[in-house]
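Atoms within each ligand, like the ligands themselves, are counted from 1 in listed order. Just the heavy atoms: all of them, side chains too, but no hydrogens, waters or symmetry mates, feed the values below. None of the values given here were measured: they were computed from a predicted structure.
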Amino acid sequence: MRKQIVAGNWKMNNDLAQTETLIANLKAQTKTTNAEVMIAPTATNLWHAYNSTKGTGIEVIAQNMHFAENGAYTGEVSAAMLKSIGINTVILGHSERREYFNETDETLAKKVDAALAKGMRIIFCFGEELADRKAGNEEAVVGSQIKNALFHLAAADFQNIVLAYEPVWAIGTGETATADQAQDMHAFIRKTLADKYGNDVADEVSILYGGSVKPANAEEIFSKPDVDGGLIGGAALNAEDFFGIVNAF
Ligand SMILES: O=C[C@H](O)COP(=O)(O)O
């Protein structure tokens with residue numbers, strides 16, 4: 001049975017005081033589904049968030065990491081450093097990292113390897129831009145993003161990989177992919193995995209949808225057979241909205 005996951009990516013939002021407030025508000029919410037709940041605060045607040053969510057069932061995860069173990073990489077954080085403060089899951093390949101920080105399939109493959117080598121779980125993000133979809137190239141783009149960054153892995157590595165399909169045109173725009181568009185792409189992603197690794201692997205990998213998910217549209221999106229949860233941006237900054245999505249399964 002695939003895991004259902006709702007992960008909140010706070011992006012570069014919330015200082016320490018705001019992090020404390022949002023976590024207090026999250027703790028006041030009630031979960032009525034089996035979905036795993038994760039939050040990804042900024043690096044400066046990971047330690048605080050980790051400590052203040054202990055025992056709540058909310059997993060604190062990182063938004064990014066470097067592929068090197070340590071060394072002369074000013075401003076970066078390694079998998080070992082994340083592990084040392086109790087963080088076991090990292091988001092990699094978010095489109096904002098690809099666009100603003102020049103992350104490529106090649107550097108992402110190295111990050112994937114570094115995270116797996118430390119036993120971390122990865123939420124690996126990818127998705128096409130609007131021009132790709134208009135040209136009918138969305139499957140080709142998504143397929144190559146997956147193959148280039150992940151297809152050097154062994155089948156067993158996918159036990160620690162969650163995929164997140166985030167069409168770039170739907171991120172923070174208010175424009176959501178329709179539930180059918182999400183399902184079609186998720187089915188394509190699962191087939192891509194099955195063609196390479198077989199159905200047993202493909203059927204076990206959770207595939208999240210991200211892009212303007214809100215309480216009002218989550219239920220329809222999550223009702224699709226190949227959608228196993230969501231990676232939530234804006235709506236994750238409000239505890240009620242976030243749990244409205246968590247409880248939409
Ligand atoms: O990581 C989250 C995604 O970028 C979605 O962001 P959004 O929910 O604000 O569209």
Side-chain angles (χ1 to χ4, degrees), residues 4-14 18-19 22 26 35-43 45-46 49 58-65 82 87 89-103 108 111-112 115 121-130 132-133 138 141-142 145-146 149 161-179 181-183 185-186 189 206-222 224 227-249:
Q4 296 173 326
I5 297 169
V6 178
N9 176 11
W10 293 6
K11 308 191 180 184
M12 199 172 74
N13 295 295
N14 292 333
Q18 291 165 321
T19 296
L22 181 47
L26 289 168
E36 282 186 34
V37 179
M38 304 177 184
I39 56 171
T42 51
N45 293 314
L46 285 173
I58 297 174
E59 183 184 352
V60 175
I61 70 173
Q63 296 179 16
N64 178 41
M65 53 162 256
L82 294 172
I87 306 299
T89 302
V90 60
I91 299 171
L92 293 177
H94 193 281
S95 63
E96 289 148 17
R97 299 291 319 170
R98 293 175 189 259
E99 180 178 359
Y100 304 130
F101 304 98
N102 302 319
E103 294 201 353
L108 288 168
K111 289 186 177 202
V112 165
R121 180 156 65 157
I122 297 163
I123 298 181
F124 187 78
C125 307
F126 49 83
E128 83 282 3
E129 297 186 18
L130 185 57
D132 301 321
R133 185 161 278 267
E138 64 271 20
V141 169
V142 164
Q145 287 171 324
I146 293 171
I161 299 220
V162 172
L163 300 178
Y165 168 58
E166 298 205 316
V168 176
W169 48 271
I171 296 176
T173 59
E175 184 162 350
T176 322
T178 65
Q181 282 174 321
Q183 168 56 27
M185 183 58 87
H186 283 220
I189 293 162
S206 298
I207 307 176
L208 315 184
Y209 170 79
S212 298
V213 178
K214 304 179 268 291
N217 59 24
E219 193 174 339
E220 190 189 359
I221 295 169
F222 293 171
K224 296 296 176 184
V227 178
D228 305 308
L231 182 57
I232 317 302
L237 299 175
N238 176 287
E240 275 184 26
D241 287 348
F242 186 57
F243 267 79
I245 295 168
V246 170
N247 290 332
F249 274 105

Asn9, portion touching ligand 1 at heavy-atom distance under 4.0 Å:
side chain

At what distance is the nearest protein heavy atom to atom 2 (C) of ligand 1, and which residue and atom is it?
Glu166 OE2, 3.2 Å

When you measure from the heavy atoms of Ala170 to every atom of ligand 1, does any distance fall below 4.0 Å?
yes

With the threshold set at 4.0 Å, does a side-chain nitrogen-carboxylate oxygen contact exist between Arg121 and Glu59?
yes

Any N/O pair Glu96/ligand 1 closer than 3.5 Å:
no

Note: ligand 1 atoms sitting under 4.0 Å from heavy atoms of Gly234 are 7 (P), 8 (O), 9 (O)

Please identify which atoms of ligand 1 are closer than 4.0 Å to at least one heavy atom of Leu231.
1 (O), 2 (C), 5 (C)

How far is atom 8 (O) of ligand 1 from the closest protein heavy atom, and which atom is that?
Gly233 N, 2.9 Å

I would like to know whether Arg97 and Asn102 meet side-chain contact (heavy atoms from CB on, under 4.5 Å); could you show each step before the answer?
CA-CA 7 Å; Arg97 299 291 319 170; Asn102 302 319; over 6 Å; no

Using heavy atoms and a 4.0 Å limit, tell me yes or no: is Lys11 in contact with ligand 1?
yes

Counting distance only, does the side-chain N/O of Asn45 pair as donor-acceptor with the main-chain N or O of Pro41 below 3.5 Å?
no

Is Lys111 reaching over with its side chain to a backbone N or O of Met65, donor-acceptor style, under 3.5 angstrom?
yes

Going by the atom numbers of ligand 1, which of them fall below 4.0 Å from some non-hydrogen atom of Gly172?
7 (P), 9 (O), 10 (O)

Using non-hydrogen atoms of the residue, decide whether Gly211 is closer than 4.0 angstrom to ligand 1.
yes

Distance alone, cut at 3.5 Å: any donor-acceptor contact between the side chains of Thr19 and Asn14?
no

Classify the angle between the aromatic ring planes of Tyr165 and His186 as parallel (below 30°), tilted (30 to 60°) or perpendicular (above 60°).
perpendicular

So, do Phe126 and Leu163 sit near enough that their side-chain heavy atoms are less than 4.5 Å apart?
yes

